[in-house]
There are 2 protein chains.
Amino acid sequence: MSLPHAILTALLEKPSSGLELTRRFDRSIGYFWSSTHQQIYRELGKLEQAGYIRALPAPVPARGQKKEYEVLPAGREELAGWVDTAEDPKPLRSALLLRMRAAAVVGGRGLRAELERHLELHRRQLAEYREIEVRDFPPERRAAEPDRLRHLVLRGGIDLERFWVEWLTQALRELDGPGTATP
Amino acid sequence: MSLPHAILTALLEKPSSGLELTRRFDRSIGYFWSSTHQQIYRELGKLEQAGYIRALPAPVPARGQKKEYEVLPAGREELAGWVDTAEDPKPLRSALLLRMRAAAVVGGRGLRAELERHLELHRRQLAEYREIEVRDFPPERRAAEPDRLRHLVLRGGIDLERFWVEWLTQALRELDGPGTATP
DNA sequence: CTCTCCATGTAAGTGGTTACATGATTTC
DNA sequence: GAAATCATGTAACCACTTACATGGAGAG
């Protein structure tokens, strides 16, 4: 049950409408908890009904009309409680690793290309994160507590991408190693 | 749609019953594509109906009776086709990173303990993988193609766990860094 | 003859994805 | 006033999870 808490966090950082939330998910929170506008609207409805958030009074409440939400005290409490909750990490699920294992059994002529494609994707993601880092966390502002935590989270994303880039590079090198595979 | 292909791979490695599959998922394939027996039985039914696998003739076909499955040629083809399929990596979803981001907004007194708990869990997983590595991939058998690929997959799991261990260690150190937080 | 374990399932619920619907606002 | 875009939704589906059901075989 993480999506509602992701939304509460985003709304506490800044009250927003559904579409604004969607965009912010696309380029910030979504980097470690992605979502679509459909899911977000549905969840906003639930959160409002639960009394965790409320829609700011709008001049013309109607369909297709922008609706801004803000977090209520109950919502903040709910989020604070969730933060201190223990939850085991979800076991890894990687279709790429599974494909490699399958290739060990039935052979895989296209696997190499797929590894290269993933390598490129992870390289790009890594570059994007690094841009964000130099933009949002320049060396001077390392003191403030909220920024320290947000920076740690970003470093997590960066290090993860770096891990994939390194592993894929290594894997490709070993694929045409000693025995040399595909003709 | 990876589970059916995970099952096909496992069955090609060795024909098995549903429960045997479940156990093998628990200590091998499940390391990168976990599943439960309920899901596996359901999927076995679908795969059989699709003509990808068949139940080996049993002496007494009845409920509660062991049923062994093997992969049919159509199943092998299906799997070979899937291996050469392109599929983008799923975006990361980490409740722990989300919790850190939330803690930057509402504060988190219990977060430190949770980081330590995760660190311990990842340490244990890493140790388990390493045992498997020395047991299943001793230095001498590095030539054969199927083993090379399977070893690469295992290295992926190992490196990923090592990433988490390192990142969590780093994060904990920075949490009581210059500013020093929780008493 | 009961208890436990092996083995195969059924059913309900949840979270996420994909496809589609519809009203409002701006642009040409 | 037609087209594009902003904005909010509905509906159907799918994979996965959790809880429960049932039957057979061996141990005491």
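To find a chain, count down the sequence lines: A is the first, B the second, and so on, and within it residues start at 1.
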>> Quick check on DNA chain C: between B:Lys90 and B:His37, whose nearest nucleotide comes earlier from the 5' end?
In response: B:His37

> A:Ser34 or B:Ser17: which one's nearest nucleotide on DNA chain C is closer to the 5' end?
Replying inline: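 Of the two residues, B:Ser17 wins.
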
Measure from the side-chain heavy atoms of [X] and tell me the nearest of [options].
{"X": "A:Lys66", "options": "D:dA7, D:dA15, C:dT17", "result": "D:dA7"}
{"X": "A:Arg93", "options": "C:dC6, C:dT17, D:dT17", "result": "D:dT17"}
{"X": "B:Lys46", "options": "D:dC6, C:dT17, D:dA15", "result": "D:dA15"}
{"X": "B:Gln38", "options": "D:dT18, C:dG15, C:dG16", "result": "D:dT18"}

Can you tell me if [X] touches the phosphate of [N], counting only side-chain N or O atoms and a distance under 4.0 Å to OP1 or OP2?
{"X": "B:Gln39", "N": "D:dT17", "result": "yes"}
{"X": "B:Tyr41", "N": "C:dG9", "result": "no"}
{"X": "B:Lys67", "N": "C:dG9", "result": "yes"}
{"X": "A:Arg42", "N": "C:dG15", "result": "no"}
{"X": "B:Trp33", "N": "D:dA15", "result": "no"}

> Is there a path of hydrophobic side-chain contacts, each under 4.5 Å between heavy atoms of I, L, V, M, F, W or Y residues, that connects B:Trp33 with B:Ile132?
Replying inline: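 As far as the 4.5 Å side-chain criterion goes, B:Ile132 and B:Trp33 are connected within one cluster.
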
Less than 4.0 Å between a side-chain N and a carboxylate O, is that true for [Y] and [X]?
{"X": "A:Glu70", "Y": "A:Arg54", "value": "yes"}
{"X": "B:Arg23", "Y": "B:Asp26", "value": "no"}
{"X": "B:Glu13", "Y": "B:Arg24", "value": "yes"}

From [atom1] of [X] over to [atom2] of [N], roughly how many Å is that when rounded to an integer?
{"X": "A:Arg23", "N": "D:dT5", "atom1": "CZ", "atom2": "P", "answer": "12 Å"}
{"X": "B:Asp88", "N": "C:dT18", "atom1": "CG", "atom2": "P", "answer": "11 Å"}
{"X": "A:Glu20", "N": "D:dG9", "atom1": "CD", "atom2": "P", "answer": "14 Å"}
{"X": "B:Leu44", "N": "D:dA15", "atom1": "CG", "atom2": "P", "answer": "15 Å"}
{"X": "A:Tyr69", "N": "D:dA7", "atom1": "OH", "atom2": "P", "answer": "14 Å"}
{"X": "B:Glu48", "N": "C:dT8", "atom1": "CD", "atom2": "C1'", "answer": "13 Å"}
{"X": "A:Asp26", "N": "D:dA7", "atom1": "CG", "atom2": "P", "answer": "14 Å"}
{"X": "A:Ile7", "N": "C:dG15", "atom1": "CD1", "atom2": "P", "answer": "12 Å"}

> Checking all strands, does A:Ser35 fall into the base, sugar-phosphate, or nothing category for heavy-atom contacts under 4.0 angstrom?
Replying inline: nothing

>> Below 30° counts as parallel, above 60° as perpendicular, anything between as tilted: where do the rings of A:Trp164 and A:His122 land?
In response: parallel

